[in-house]
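Bear in mind the structure is a predicted one, so any value in this text is a computation, not a measurement. Numbers here are sequence positions counted from 1. Hydrogens, waters and symmetry mates are skipped; everything else that's a heavy atom, side chains included, is used.
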Amino acid sequence: MQSGRHTIVLYQPSAARGSRTFLDYESVTQAMDGICGLFEKKLKDMNPTIRNITYEVADLYRFIDELPDMSALVYDTEVNAYIPYDRQWIKLRAFQHLRKLAGQAA
C-alpha cells in the first residue's frame, strides 16, 4: 500500500511555465487531501459568498484535467527511488480517497 509513502505532487496551475511548483506530503493520502484542497480553494475563490461549497468527483477530474500539468512522484522503498505517476493515477487515487472519506462520514 502506498498511503505511507512520501509523495511529491508536481503541478502547473497556469499556462505560464514559471507557475510550475510542487507540494510535498508524507503520504499518498495526504497528497490526495492536498489536491482536493487546491480544488476547494479554487472553488472558494470563484464563489466567495457561498459558505458551503459542494462538488462532484467529475468537477475534481475536470480541475485536474484542465491544469497544464500535474503528476506525482511516490517514494518506493523497494527500489529506493521515486516512481512517477500521471494525472490518470492521481484521479483514481483522489476518487478512492473521497470514497473512503464519504464512507467515514456516513
Side-chain angles (χ1 to χ4, degrees):
M1 185 167 179
Q2 296 177 328
S3 62
R5 296 187 180 172
H6 186 254
T7 303
I8 301 168
V9 175
L10 306 166
Y11 77 105
Q12 184 176 335
S14 75
R17 290 175 62 96
S19 72
R20 290 179 178 169
T21 190
F22 71 95
L23 301 167
D24 187 25
Y25 299 98
E26 291 302 313
S27 69
V28 171
T29 299
Q30 288 178 1
M32 295 306 111
D33 271 340
I35 290 168
C36 291
L38 286 173
F39 178 55
E40 290 164 8
K41 182 182 182 323
K42 181 180 178 180
L43 289 176
K44 287 177 187 174
D45 290 347
M46 292 170 50
N47 303 285
T49 59
I50 300 174
R51 288 188 66 161
N52 295 321
I53 295 176
T54 60
Y55 60 90
E56 302 289 324
V57 172
D59 300 323
L60 176 63
Y61 286 0
R62 194 172 314 105
F63 167 75
I64 292 170
D65 286 336
E66 288 175 354
L67 289 170
D69 194 18
M70 178 175 260
S71 59
L73 299 170
V74 180
Y75 188 74
D76 186 329
T77 55
E78 290 183 21
V79 295
N80 199 29
Y82 284 88
I83 307 299
Y85 292 96
D86 63 7
R87 69 178 84 217
Q88 289 306 117
W89 180 88
I90 291 170
K91 289 175 5 182
L92 175 64
R93 288 302 219 167
F95 174 74
Q96 291 170 342
H97 177 67
L98 290 171
R99 189 173 60 190
K100 182 178 176 186
L101 290 178
Q104 290 174 353

- Could you check V74, V28, T29 and say which one makes a side chain to side chain contact (heavy atoms under 4.5 Å, CB included) with R93?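 For R93, the side chain to side chain contact (heavy atoms under 4.5 Å, CB included) test succeeds with only one of V74, V28, T29, which is V28.
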Indicate the atoms forming the closest heavy-atom contact of [X] with [Y], along with that distance.
X: L98; Y: C36; answer: CD2-SG, 3.8 Å
X: L67; Y: R87; answer: O-NH1, 2.9 Å
X: P13; Y: S19; answer: CD-O, 3.1 Å
X: A94; Y: M32; answer: N-SD, 3.5 Å
X: D59; Y: R62; answer: OD1-NH1, 3.1 Å
X: T7; Y: A72; answer: CG2-CB, 4.4 Å

Shared hydrophobic cluster, [X] / [Y] (ILVMFWY, side-chain heavy atoms < 4.5 Å):
X: M46; Y: Y11; value: no
X: M70; Y: L92; value: no
X: I50; Y: L60; value: yes

- Check the pair Y82, H6 against side-chain contact (heavy atoms from CB on, under 4.5 Å), reporting the backbone distance first and the verdict last. CA-CA 9 Å; Y82 284 88; H6 186 254; 2.6 Å; yes
- Query: Got V57 and R99 here, is their nearest side-chain heavy-atom distance under 4.5 Å?
  - Reply: no
- Can you find a pair of side-chain heavy atoms, one from S71 and one from D86, that are under 4.5 Å apart?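 Side-chain contact under 4.5 Å: no.
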Rounded to the nearest 0.5 Å, what separates atom [atom1] in [X] from atom [atom2] in [Y]?
X: N52; Y: N47; atom1: CG; atom2: CG; result: 12.5 Å
X: T21; Y: D69; atom1: OG1; atom2: CG; result: 12.0 Å
X: K41; Y: L43; atom1: NZ; atom2: CG; result: 11.0 Å

- Message: Looking only at the side chains, is there a donor atom on one of Y55 and E40 sitting less than 3.5 Å from an acceptor on the other?
- Response: yes
- Task: I would like to know whether I64 and Q88 meet side-chain contact (heavy atoms from CB on, under 4.5 Å); could you show each step before the answer?
- Result: CA-CA 9 Å; I64 292 170; Q88 289 306 117; over 6 Å; no
- salt_bridge(K42, D45) N-O dist < 4.0 Å: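 No, K42 and D45 are not salt-bridged.
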- Decide side-chain contact (heavy atoms from CB on, under 4.5 Å) for L101 and D33; before the verdict, give the C-alpha distance in whole Å, the side-chain angles of both, and the deciding distance to 0.1 Å. CA-CA 10 Å; L101 290 178; D33 271 340; 4.2 Å; yes
- Query: Under the side-chain contact (heavy atoms from CB on, under 4.5 Å) criterion, do L23 and L38 qualify, and how do the steps go?
  - Reply: CA-CA 10 Å; L23 301 167; L38 286 173; 3.7 Å; yes
- Query: Would you say F22 has more than 12 foreign heavy atoms packed within less than 6.0 Å of its CZ?
  - Reply: no
- Message: Parallel, tilted or perpendicular, judged at 30° and 60°: which one describes the rings of F39 and F63?
- Response: tilted
